[in-house]
Amino acid sequence: MDLYTAIHRRRDVRAEFTGEPVPDGTLHRILDAAHAAPSVGYTQPWDFVLVRDGDLRRRFHQHVQRERDVFAATLTGVAAERFARIKIDGVLESTLSIVVTYDESRGGPAVLGRHAIADAGLYSVCLAIQNLWLAATAERLGVGWVSFYREPFLADLLGIPPGVRPVAWLCVGPVTHLESVPDLARHGWRQKRPLAAALHTDRWTTTP
Ligand SMILES: Cc1cc2nc3c(=O)[nH]c(=O)nc-3n(C[C@H](O)[C@H](O)[C@H](O)COP(=O)(O)O)c2cc1C
């Protein structure tokens, strides 16, 4: 699969996981792709926790359901009705999960390129996640990013040490298919913003 095809075929997956095994070689390739990401000061501040244990995943899933309820309670009217129909995770159905973390202390204290922008470390972790997501797509696997959790809960669940932040819980595995339209667009939650609306030349312009 060429790069542009993978970029456009990539989807956030919740409902299409089959639960079939992921061959070790495939898993290694997608992790290796993540580990090849650029990082501020070459800090490589990420770690990957592979979560296969059913009990851990069930406990995380229960927590996600509680956080789903917290968010749902903030909605009213049409938004509440739409959200009720949207699946927000495939924690139990996917083959495994990969939790990606950020260690701010790695490569410190003098991180080249981070003195003015503390978030540059987090950006680096997100680039590793995107590499993983695209590589998984090229391997015909699905990935679903779950962010309905409180960081202290997840850190405690997986024994992540103080100072290391969980950035993403990724559900990973074979899928029946990848939808051509994002779930949130299909459910009428939000639609794609045209590229032209995101484009500015020289100075910020506000489109009517
Ligand atoms: C930082 C981040 C957090 C996300 N968290 C969730 C989540 O908790 N649950 C969910 O269903 N999708 C989550 N998503 C997926 C987005 O909803 C999805 O990327 C977006 O709707 C566009 O769809 P697509 O990825 O299929 O193109 C997350 C995506 C990102 C980048």
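Bear in mind the structure is a predicted one, so any value in this text is a computation, not a measurement. Start at 1 and go down the list; that is how both ligands and their atoms are numbered.
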Using the ring of F148 (Phe, Tyr or Trp, six-membered ring only), decide whether R66 places NZ or CZ under 6.0 Å from its centre and within 45 degrees of its axis. no
Quick one: look at D12 and ligand 1, take heavy-atom pairs under 4.0 Å, and tell me if it's side chain, backbone, both or neither. both
Could you find the nearest protein heavy atom to atom 5 (N) of ligand 1 and give me its residue, atom name and distance? S147 OG, 2.8 Å
Give a yes or no on whether I7 atom CD1 has more than 12 heavy-atom contacts from other residues, nucleotides or ligands under 6.0 Å away. yes
In the protein, what heavy atom is nearest to atom 7 (C) of ligand 1, and what distance, to one decimal place, separates them? W145 O, 3.1 Å
What protein heavy atom lies closest to atom 22 (C) of ligand 1? Include the residue and the distance to one decimal. P182 CB, 4.0 Å
What's the shortest distance from atom 20 (C) of ligand 1 to any protein heavy atom, and which residue and atom give it? L184 CD1, 4.7 Å
Nearest neighbour in protein (non-hydrogen) for atom 27 (O) of ligand 1: R11 NH2, 2.7 Å
Is the charged tip of R82 near the ring of W189: under 6.0 Å from the six-membered ring centre and within 45° of its axis? no
Pairing of D12 and R14 as salt bridge, 4.0 angstrom limit: yes
Do W169 and Y149 make the cut of ring centroids closer than 6.0 angstrom? no
Can a donor-acceptor pair be found between the side chains of H177 and E179 at a distance below 3.5 Å? yes
Any idea which atoms of ligand 1 are less than 4.0 Å away from a heavy-atom of V146? 7 (C), 8 (O)
Nearest heavy atom to atom 9 (N) of ligand 1: which of L178, V143, I88 does it belong to? I88
Do F60 and L56 sit in the same hydrophobic cluster, where Ile, Leu, Val, Met, Phe, Trp and Tyr count as joined when their side-chain heavy atoms come under 4.5 Å apart? yes
Under 4.0 Å, heavy atoms only, figure out whether ligand 1 is touched by the backbone of R14, its side chain, both or neither. side chain
Less than 4.0 angstrom from a charged side-chain N to a carboxylate O is my criterion; do R59 and D55 meet it? yes
Atom 25 (O) of ligand 1 - nearest protein heavy atom and its distance: R10 NH1, 2.8 Å
Sub-4.0 Å atoms of ligand 1 with respect to non-hydrogen atoms of F148: 7 (C), 8 (O)
